[in-house]
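Each remark here refers to the structure printed beneath this line.
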Amino acid sequence: RDELVVLIEATVESLDPRFAASSYAIKISRLVVAPLLSLDTEDSSPRMELGEKLEQPDERTVVVTLRRSARFSDGARVTSADVVATIRDLQARESLSPYRAAFSRVEEVTALDERRVRFRLRAPHAPFVSDLDMGILPASLLARLRGRDRGPAGDMELVGAGPLRIVKRTANRIVLAPNPHFYGPRPALGRYVVKTVEDDNSRLLSLVSGGGDLTQNTVAPLLLPALVRYPRLRVDSGPGLMTSYLGLNTRDPLLRDPRVRRAIGLAIDRSRIVSSKFRGKAALASSILPAHHWAHDKELDGLPFDPGESRRLLDAAGFPAPPGGGPRLSLTYKTSSNRFRVSVARVIARQLEEVGIRVTVRSYEWGVFFSDLKRGNFQLASLQMTELAEPDYHFFFFHSSMQTDAHRPDGGGNRWGYSDPEVDQWLEEGRRVSGRSARLGFYLNVQRRLARDLPIIPLWHEENLVVMRRSLRGLHILPNARFTPILRVTKSND
């Protein structure tokens, strides 16, 4: 009754916030190592955490005042010295953190007194406030780690000011308990266990048998009708920030022409896939931002299903239907080895074949698949963008400076080789100006240009789907799918 077991589908790497990069690592890390602010809100607006107040006296300066009550799990007070030490550690030239680039924008970080920290930016950068969703570590811990190889702290070494602390860590199991010095409401239960169960069927059976209490976004919507056979389980869902999309390599000779890319988009019957594969638990996408996001272009229509227009565009692009009924062109479609994602890819492949595009679906273990994607070794690829709270994510995915290839696989997220000088300019301006209203116009321009050029084809925004035991009460699903709401969950008898 006093323990909650959360089931996840992949092994979690380091929980050190400086190195936590996967979705699960970030979600668990933030429960232990609190940030100055978080985006764990309905509309992705910042919410103060360790910070009590945030001021911006000018466009290059941010001042954060810490809570008086903020303490680490060992009882030590969180001070501005801890914040300064964390940011400077991230900025260090020898730092191996994937977040180093984000904090290289900080020209100077200064402790004004024990509770106030001033960030001075090299240039105006509107998304910087969102960057402050970074866990703060004690300066004393960072000093002990400095003599090592700049790698992450061991998880059992981590001391944070979040609501939970780590009690035990193995490869497939993380045991957490309440931080007795947490500044906010005490978690509702006495113990939280995050358990990795990679096999889909085993994960579901664990819920049925009572070996787990809850899993989020790991059960394929196709399985939902079968859950009625298990009266001790129930399903809850809510809007999500995750966008599924089809990436197209614009450097490939067959995909260089935007008419071909549009023809591919028009040949995909997205409504049918959402209905049959997702059981309606997804909304059609017109951009990477979901409809409830403040920067979403509400006048932008997604691609319709129009196979006739698709064939006409292929004709115009120089790919007419050959005599005898052969394919107009042949493409390879790469995806992860997740069975549900493979099944969706095969449906898309069959739909493309209806307009004369022969598609070979190839699935790979995640590491191999993602490596190929970063190196530009693909034609078509499907995957998901998660936690798109800040519209500046467009910069990472579409600015020409973020292009990756075999020589620069980790240079950014623009794996499609997309380049447009106007898009670059709009994205740069969207970073420089402050305030949502001032930034909005630039992101509307970007979304409309991307809808024309289609370096990626936005498919749908999947709902957050939670399967849990009926004994749970009080779960509120956040759009960013973070784990913060589990702290309010209570249990009754099944």
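Position 1 is the first residue of the sequence; numbering continues from there.
Here the side chain of Q447 pairs a donor or acceptor atom with the backbone of Y443 at under 3.5 angstrom. Within the 3.5 Å criterion, the main-chain N or O of I288 finds a donor-acceptor partner in the side chain of T243. For the pair R88 (side chain) and V109 (backbone), a donor-acceptor distance under 3.5 Å is present. R270 places a side-chain N or O within donor-acceptor distance of the main-chain N or O of A285, the cut-off being under 3.5 Å. Under the 3.5 Å distance criterion, the side-chain polar atoms of S209 are matched with a main-chain donor or acceptor of L205. Here the side chain of R415 pairs no donor or acceptor atom with the backbone of G376 at under 3.5 angstrom. Put simply, the side chain of N172 never gets that close to the backbone of T196: no donor and acceptor are under 3.5 Å apart. Checked by atom type and distance alone, the side chain of N464 pairs as donor or acceptor with a backbone atom of P239 at under 3.5 Å. Q351 contributes a side-chain N or O that, together with a main-chain N or O of D269, makes up a donor-acceptor pair within less than 3.5 Å. The closest donor-acceptor contact from the side chain of D2 to the backbone of L189 lies at 3.5 Å or more, if one exists at all.
Scanning both residues, S14 and P152, for their nearest heavy atoms gives OG-CB, 3.3 Å. Considering all non-hydrogen atoms of both residues, S363 and V342 come closest at CB-CG2, 3.6 Å. Contact record, A126 with R439: CB-NE, 3.5 Å, taken as the closest heavy-atom pair. Smallest separation of non-hydrogen atoms from V467 and L233: CG1-CD1, 4.4 Å. The minimum heavy-atom distance linking S80 with V117 is given by the pair CB-CG2, 3.4 Å. The minimum heavy-atom distance between W416 and P455, with the atom names listed, is CB-O, 3.9 Å.
Atom CZ of R118 sits in a sparse spot, with 12 or fewer heavy atoms from other residues, nucleotides or ligands closer than 6.0 Å. No more than 12 heavy atoms of other residues, nucleotides or ligands lie within 6.0 Å of CZ in R272, so this atom counts as exposed by the packing criterion. Sparse packing is recorded around CZ of R362, with 12 or fewer heavy atoms of other residues, nucleotides or ligands lying under 6.0 Å away. Summarising the local packing, CZ of R346 is surrounded by 12 or fewer heavy atoms from other residues, nucleotides or ligands at distances under 6.0 Å.
Using a 4.0 Å cut-off between a side-chain N of Lys or Arg and a carboxylate O of Asp or Glu, E157 and R169 do not qualify as a salt bridge.
With sequence neighbours left out, the ring-ring contact (aromatic ring centres under 6.0 Å, His included) criterion links F182 to no other residue. The salt bridge (Lys or Arg N to Asp or Glu O under 4.0 Å) test applied to R234 returns D236, not counting sequence neighbours. With sequence neighbours left out, A81 forms a side chain to side chain contact (heavy atoms under 4.5 Å, CB included) with T79. Every residue two or more places apart in sequence or in another chain that forms a ring-ring contact (aromatic ring centres under 6.0 Å, His included) with F119 is listed here: F128. Considering only residues two or more places apart in sequence or on other chains, F395 meets the ring-ring contact (aromatic ring centres under 6.0 Å, His included) condition with H399. Qualifying side chain to side chain contact (heavy atoms under 4.5 Å, CB included) partners for S371, counting only residues two or more places apart in sequence or in other chains: R375.
Within the 4.5 Å cutoff, the side chain of T404 has no heavy atoms near those of the P409 side chain. Taking 4.5 Å as the limit, every side-chain heavy atom of V193 sits out of range of all side-chain heavy atoms of L176. Within the 4.5 Å cutoff, side-chain heavy atoms of L37 are placed close to those of V129. Side-chain contact between Q91 and S104 is absent, with no heavy-atom pair separated by less than 4.5 Å. At a threshold of 4.5 Å between non-hydrogen side-chain atoms, the residues T11 and E198 count as touching.
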Worked verdict on S287 versus D297 for side-chain contact (heavy atoms from CB on, under 4.5 Å) = CA-CA 8 Å; S287 87; D297 186 351; over 6 Å; no
Exercise. When you look at V344 and R339, which way does the side-chain contact (heavy atoms from CB on, under 4.5 Å) test go after all the steps?
Worked result: CA-CA 9 Å; V344 172; R339 283 181 289 183; over 6 Å; no
- request: Under the side-chain contact (heavy atoms from CB on, under 4.5 Å) rule, what do H181 and D74 come out as? Steps first, then yes or no, please.
  value: CA-CA 8 Å; H181 304 287; D74 61 2; over 6 Å; no
The test is side-chain contact (heavy atoms from CB on, under 4.5 Å); show your working for K491 and L472 and say whether it passes. CA-CA 5 Å; K491 298 176 77 172; L472 303 190; 3.6 Å; yes
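Side chains of E462 and S244: a donor on one and an acceptor on the other come within 3.5 Å. With hydrogens and angles left out, the side-chain atoms of Y333 and T360 include no donor and acceptor closer than 3.5 Å.
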Side-chain donor-acceptor pairs of residues 62-70 under 3.5 Å, sequence neighbours excluded:
{"from": "R67", "atom 1": "NE", "to": "E49", "atom 2": "O", "distance (Å)": "2.3"}
{"from": "R67", "atom 1": "NH2", "to": "E49", "atom 2": "O", "distance (Å)": "3.3"}

Mind listing the side-chain donor-acceptor pairs of residues 218-230 below 3.5 Å, one per line with the distance, residues two or more places apart or on another chain?
{"from": "T218", "atom 1": "OG1", "to": "R203", "atom 2": "NE", "distance (Å)": "2.9"}
{"from": "T218", "atom 1": "OG1", "to": "T215", "atom 2": "OG1", "distance (Å)": "2.5"}
{"from": "R229", "atom 1": "NE", "to": "A226", "atom 2": "O", "distance (Å)": "3.3"}

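The stretch residues 170-191 participates, sequence neighbours left out, in these salt bridge (charged side-chain N to carboxylate O under 4.0 Å, His left out) pairs: E3-R191. Identified under the salt bridge (charged side-chain N to carboxylate O under 4.0 Å, His left out) test for residues 276-293, with sequence neighbours left out: none. Legend: ring-ring contact (aromatic ring centres under 6.0 Å, His included) pairs involving residues 274-296, not counting sequence neighbours, sorted by first then second residue: F278-F340, F278-W460. Sorted by first then second residue, the salt bridge (charged side-chain N to carboxylate O under 4.0 Å, His left out) pairs that include residues 28-42, not counting sequence neighbours, are R30-D133, D40-R482.
Judged by the 6.0 Å and 45° rule, K27 forms a cation-pi pair with F483.
Summarising the geometry, atom CG belonging to D82 is positioned 9.0 Å from atom CG belonging to L137; distances are rounded to the nearest 0.5 Å. Taking OH of Y183 as the start and CZ of R71 as the end, the distance is 14.5 Å to the nearest 0.5 Å. Atoms CD1 and CE, on I456 and M385 in that order, are 4.0 Å from each other to the nearest 0.5 Å. In this structure, CG on L36 lies 8.5 Å from OG1 on T86, to the nearest 0.5 angstrom. Expressed to the nearest 0.5 Å, how far CD1 of I348 lies from CG of L380 amounts to 9.5 Å.
Across R105, R431, R100, a single residue satisfies salt bridge (charged side-chain N to carboxylate O under 4.0 Å, His left out) together with D131, and that is R105. Partner of Y24 under the side chain to side chain contact (heavy atoms under 4.5 Å, CB included) criterion, chosen from V194, L15, V6, V12: V12.
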